[in-house]
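Below you'll find the structure, written out as structure tokens, and then a few comments.
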Amino acid sequence: MLNLGVLISGRGSNLQAIIDACEGGKIPAKVVVVISNDPAAGGLERAKKHNIPTAVFEPNNFKDKNTYELEIVKELKKHDVGLVCLAGYMRIVGPVLLEHYRGRMINIHPSLLPSFSGLHAQKQALDHGVTVTGATVHFVDDGCDTGPIIVQSAVPVKENDTEETLSERILQQEHHIYPIAIEFIAKDKLVIEGRKVKLK
Ligand code: GAR
């Protein structure tokens, strides 16, 4: 059983999809801790409903990013986390978290990377006029949304889409592919070769 630590900043619908997949026996993993940088994140309530321990670390309460991330690392280690899942965690991962969890930290992003990395990916896609966008789960590396890609799902952009309607359609795919990526890792099915993630 793979122990998951989920990092969030907001409502936590991806967290919910992960919890449901674990509790429903679809993946041999368990969410053992949920950590947020924002005490108001809705995902914290979701975790509590499932009796999952939570922790909140607010970056402003620490003297610098390294000290902040060291606290997160301590919490993850306390719960013996084997895989860190960023699920709507809206902060750039720094060297401390990376050093401890490189190759064992994944992220979900609401676009077909490498297109539209960073903030407001759905709006970026609409503004650019693409007809297809989607969602990506990838390993986290030093860059912003640049790590090796594990799973992607394409989503059509409709003519009268708004940021809200497009985000909602992408979100459904996020909830589908995030558990799949975790399942691959929990079953030890992946190898990373340079930029490529291959099935063993
Ligand atoms: C999701 O759409 C996720 O892909 C996105 O934030 C949303 C969080 O929703 N993440 C990023 O944009 C990261 N760059 P959730 O809190 O309901 O899972």
Side-chain angles (χ1 to χ4, degrees), residues 4-23 26-27 29 31 33-50 52 54-59 65 69 72 83-94 97-98 101 105-128 130 132-157 161-182:
L4 309 178
V6 183
L7 267 56
I8 61 166
S9 300
R11 88 196 134 173
S13 72
N14 277 290
L15 164 68
Q16 189 71 54
I18 295 168
I19 293 172
D20 291 347
C22 291
E23 290 190 352
K26 287 189 187 142
I27 48 181
V31 180
V33 65
V34 172
I35 300 175
S36 174
N37 62 299
D38 181 352
L44 291 168
E45 288 310 311
R46 296 182 190 264
K48 284 173 192 159
K49 278 197 188 130
H50 290 263
I52 297 166
T54 60
V56 175
F57 301 113
E58 293 180 78
K65 190 173 183 120
E69 288 200 339
I72 295 179
L83 180 70
V84 179
C85 302
L86 310 184
Y89 178 67
M90 303 309 272
R91 300 194 64 85
I92 306 239
V93 168
L97 253 175
L98 246 186
Y101 291 97
M105 179 159 45
I106 62 178
N107 179 45
I108 184 131
H109 185 77
S111 75
L112 290 178
L113 290 171
S115 291
F116 314 129
S117 59
L119 292 176
H120 310 298
Q122 304 93 333
K123 182 169 187 305
Q124 290 185 56
L126 279 177
D127 290 349
H128 198 88
V130 294
V132 178
T133 181
T136 302
V137 183
H138 63 93
F139 284 103
V140 176
D141 69 3
D142 313 80
C144 174
D145 302 324
T146 52
I149 290 167
I150 305 168
V151 195
Q152 294 188 297
S153 179
V155 172
V157 179
D161 258 335
T162 61
E163 192 178 346
E164 287 69 36
T165 57
L166 180 59
S167 299
E168 181 52 41
R169 209 170 322 112
I170 294 173
L171 198 61
Q172 288 171 17
Q173 289 308 305
E174 294 185 40
H175 298 166
H176 179 58
I177 64 173
Y178 214 165
I180 291 174
I182 295 169

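These numbers come from the heavy atoms of this one structure, side chains and all, not from hydrogens, waters or symmetry mates. Order of appearance sets the numbers: ligands from 1, and atoms from 1 within every ligand. Because the structure is predicted, anything quoted here is derived from the model rather than measured.
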Sequence neighbours left out, cut at 3.5 Å: what donor-acceptor pairs do the side chains of residues 113-124 make with other protein atoms?
unit_1	atom_1	unit_2	atom_2	d
K123	NZ	D127	OD2	2.8
Q124	NE2	S117	O	2.9
Q124	NE2	L119	O	2.7

Flag the pair R169 and D161 as a salt bridge only when some basic side-chain nitrogen lies within less than 4.0 angstrom of an acidic carboxylate oxygen.
yes
Which distance, rounded to the nearest 0.5 Å, do you find between the CG of L15 and the OH of Y89?
15.0 Å
Sequence-distant partners of T146, side-chain contact (heavy atoms from CB on, under 4.5 Å), two or more places apart
D141
Within the protein, residues bringing a heavy atom under 4.0 Å of ligand 1, chain by chain
R11, G12, S13, N14, G88, M90, I108, H109, P110, L171, E174
Main chain of S111, side chain of T136: is a donor-acceptor contact present, judged purely on distance under 3.5 Å?
yes
Sorted by chain and residue number, the side-chain contact (heavy atoms from CB on, under 4.5 Å) partners of R11 (sequence neighbours excluded) come out as S13, R46, L171
